[in-house]
*Asks:* 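Can you read through this structure? Questions will come right after.
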Amino acid sequence: LMTEYENLLSIAKLAVQEAIKMLAEMTNHREEFDFCDDVPREMKAEADRVVESVILKILRTTDVKILSEELGEENDTGGSQLRWVVDPIDGTVNFIRMIGPSAVSIGLWEGEKPIFGVVGEYPSGVIYWGGHGFGAFADKESIRVSSVKDSSKAVLCSGFPSRFDFSSKSIEKSFKIYSEFGKVRMLGAASLSILQVAKGSADAYIERDIMIWDVAAALAILQGAGGEFSISPGRFENSYDIFASNGAIKLEQ
């Protein structure tokens with residue numbers, strides 16, 4: 001089984017590398033984007049579609065079904081619980097507006113369980129990968145979560161995703177959690193936020209109504225780095241409320 005996973009891992013790495021190359025070529029097309037009709041805060045770039053087609057072409061050489069941000073579920077036949085979860089560009093706004101890094105994200109999950117993830121950071125080109133049975137790596141270098149236990153001295157990554165509920169009750173709940181931490185950072189890409197926890201730069205991550213394709217790969221890598229997470233369904237199809245940490249920091253419910 002592990003050999004099968006290793007084969008799939010090398011295919012995912014290839015797909016991420018090709019996607020990062022493609023992103024570099026798309027930088028002149030940054031102005032080609034729209035806001036979504038159904039999710040008004042969501043920006044979609046032409047690059048999302050181009051990069052996705054590059055990735056899907058490679059992943060379709062496997063028989064594993066695919067859940068992708070732009071195309072939804074495909075190849076959903078057979079009894080296998082395995083599926084690719086793909087986000088062609090996580091941090092589209094960062095990419096379009098040149099605010100900060102964005103990422104290409106491919107996770108392999110079996111049912112509700114992450115097997116491994118591959119995240120390519122753009123423009124640095126660093127490829128993060130790993131999973132429960134694999135460890136966790138930035139390119140070839142091993143990464144590990146921090147050992148910070150005290151949330152008042154810890155760094156929390158968070159964000160307001162496109163589907164975030166901005167009601168005062170929801171805001172209050174979020175800020176109560178933020179207030180327990182020493183510092184809060186919003187990086188504009190959920191996968192990269194979780195990777196900060198995986199490599200020990202941050203200590204915890206929380207986001208509500210974040211889409212599964214934004215986090216699937218990074219959560220697998222976080223497990224490989226010794227971290228843990230809890231996940232519960234959000235208010236939309238494929239959206240989730242997620243708390244992830246180094247394992248030493250727990251969320252006060």
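All values below come from the heavy atoms of this structure, side chains included, with hydrogens, waters and symmetry mates left out. Since the model is a prediction, treat every value here as computed from it, not as a measurement.
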*Asks:* Considering only heavy atoms from C-beta outward, does the side chain of L156 approach that of D203 to under 4.5 Å?
*Replies:* no
*Asks:* Following the transitive rule for hydrophobic clusters with a side-chain heavy-atom cut-off under 4.5 Å over Ile, Leu, Val, Met, Phe, Trp and Tyr, establish whether L219 and L82 coincide in one cluster.
*Replies:* no
*Asks:* Look only at the side chain of D139 and the backbone of E141, and say whether a donor-acceptor pair between them is shorter than 3.5 Å.
*Replies:* no
*Asks:* Side-chain heavy atoms nearer than 4.5 Å, only ILVMFWY residues, links allowed to pass through others: does that put Y240 and F160 together?
*Replies:*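 Cluster IDs for Y240 and F160 differ.
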*Asks:* Which heavy-atom pair separates I20 from E121 by the least distance, and what is that distance?
*Replies:* CD1-O, 3.7 Å
*Asks:* Do M186 and I210 belong together in a cluster built from hydrophobic side chains that touch within less than 4.5 Å?
*Replies:* no
*Asks:* Compare all side-chain heavy atoms of I127 with those of V119 and state whether any distance is below 4.5 angstrom.
*Replies:*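 No, side chains not in contact.
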*Asks:* Where the side chain of D90 meets the backbone of A190, is there a donor-acceptor pair that is under 3.5 Å apart?
*Replies:* yes
*Asks:* Should D165 and R235 count as side-chain neighbours, where that means a heavy-atom distance under 4.5 Å?
*Replies:* yes
*Asks:* State the CD1-NZ distance between I249 and K153, to the nearest 0.5 angstrom.
*Replies:*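 The distance works out to 11.0 Å.
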*Asks:* Do E69 and P88 have side chains that get closer than 4.5 Å, going by heavy atoms?
*Replies:*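 Counting from C-beta outward, E69 and P88 do come under 4.5 Å.
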*Asks:* Taking only distance into account, with no hydrogens and no angle test, what donor-acceptor pairs under 3.5 Å do side-chain atoms of residues 95-116 form with protein atoms, sequence neighbours excluded?
*Replies:*
{"residue": "W109", "atom": "NE1", "partner": "A216", "partner atom": "O", "Å": "3.0"}
{"residue": "E110", "atom": "OE1", "partner": "Y5", "partner atom": "OH", "Å": "3.0"}

*Asks:* If two hydrophobic side chains count as joined below 4.5 Å and joins carry through other members, does W129 share a cluster with V85?
*Replies:*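 No, no single cluster joins them.
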*Asks:* Look only at the side chain of R60 and the backbone of I66, and say whether a donor-acceptor pair between them is shorter than 3.5 Å.
*Replies:*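 A pair under 3.5 Å: no.
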*Asks:* Just checking, any donor-acceptor pair under 3.5 angstrom between side chains of W84 and S68?
*Replies:* no
*Asks:* Between CD1 of I206 and OG of S174, what distance do you get to the nearest 0.5 Å?
*Replies:*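 Answer for the CD1-OG pair, I206 versus S174, is 7.0 Å.
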*Asks:* Among the clusters formed by ILVMFWY side chains lying less than 4.5 Å apart, do L187 and V93 turn up in the same one?
*Replies:*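 Different clusters: L187 never reaches V93 through Ile, Leu, Val, Met, Phe, Trp or Tyr contacts under 4.5 Å.
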*Asks:* Drop me the distance from M211's CE to D209's CG, to the nearest 0.5 angstrom.
*Replies:*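 Nearest 0.5 Å value for the CE-CG distance: 8.5 Å.
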*Asks:* Please examine the side chains of E25 and V51, heavy atoms only from C-beta on, and report whether any two atoms are closer than 4.5 Å.
*Replies:* no
*Asks:* Between the side chains of Y178 and S158, is a donor N or O closer than 3.5 angstrom to an acceptor N or O?
*Replies:* yes
*Asks:* When you check the gap from the basic side-chain N to the acidic O, do K21 and E18 get nearer than 4.0 Å?
*Replies:* yes
*Asks:* What are the two closest heavy atoms between S245 and A248, and how far apart are they?
*Replies:*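 Minimum heavy-atom contact is OG-N, 4.4 Å.
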*Asks:* Roughly how far, to the nearest 0.5 Å, is CD1 of I143 from CZ of F137?
*Replies:*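 Reported to 0.5 Å precision, the distance equals 9.0 Å.
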*Asks:* How far apart are the C-alpha atoms of K250 and E228, what are their side-chain angles, what is the distance that settles it, and do they pass the salt bridge (Lys or Arg N to Asp or Glu O under 4.0 Å) test?
*Replies:* CA-CA 10 Å; K250 309 289 182 201; E228 52 188 50; 2.8 Å; yes
*Asks:* From F236 CZ over to S162 OG, what is the distance, rounded to the nearest 0.5 angstrom?
*Replies:*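 If I round to the nearest 0.5 Å, the distance is 10.0 Å.
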*Asks:* Are I231 and I212 side-chain neighbours, meaning at least one heavy-atom pair lies under 4.5 Å?
*Replies:*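 Answer yes - side chains close enough.
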*Asks:* Counting C-beta onward and ignoring hydrogens, is there a side-chain heavy-atom pair between N238 and W213 closer than 4.5 Å?
*Replies:* yes
*Asks:* Roughly how far, to the nearest 0.5 Å, is the CZ atom of F134 from the CD1 atom of I221?
*Replies:*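 These two atoms lie 11.5 Å from each other.
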*Asks:* Tell me, with the steps shown, if S193 and Q196 meet side-chain hydrogen bond (donor to acceptor under 3.5 Å, both in side chains).
*Replies:* CA-CA 5 Å; S193 300; Q196 300 303 319; over 6 Å; no
*Asks:* Check whether any side-chain heavy atom of V118 lies under 4.5 Å from a side-chain heavy atom of K13, and answer yes or no.
*Replies:*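 Yes, at least one pair of side-chain atoms sits under 4.5 Å.
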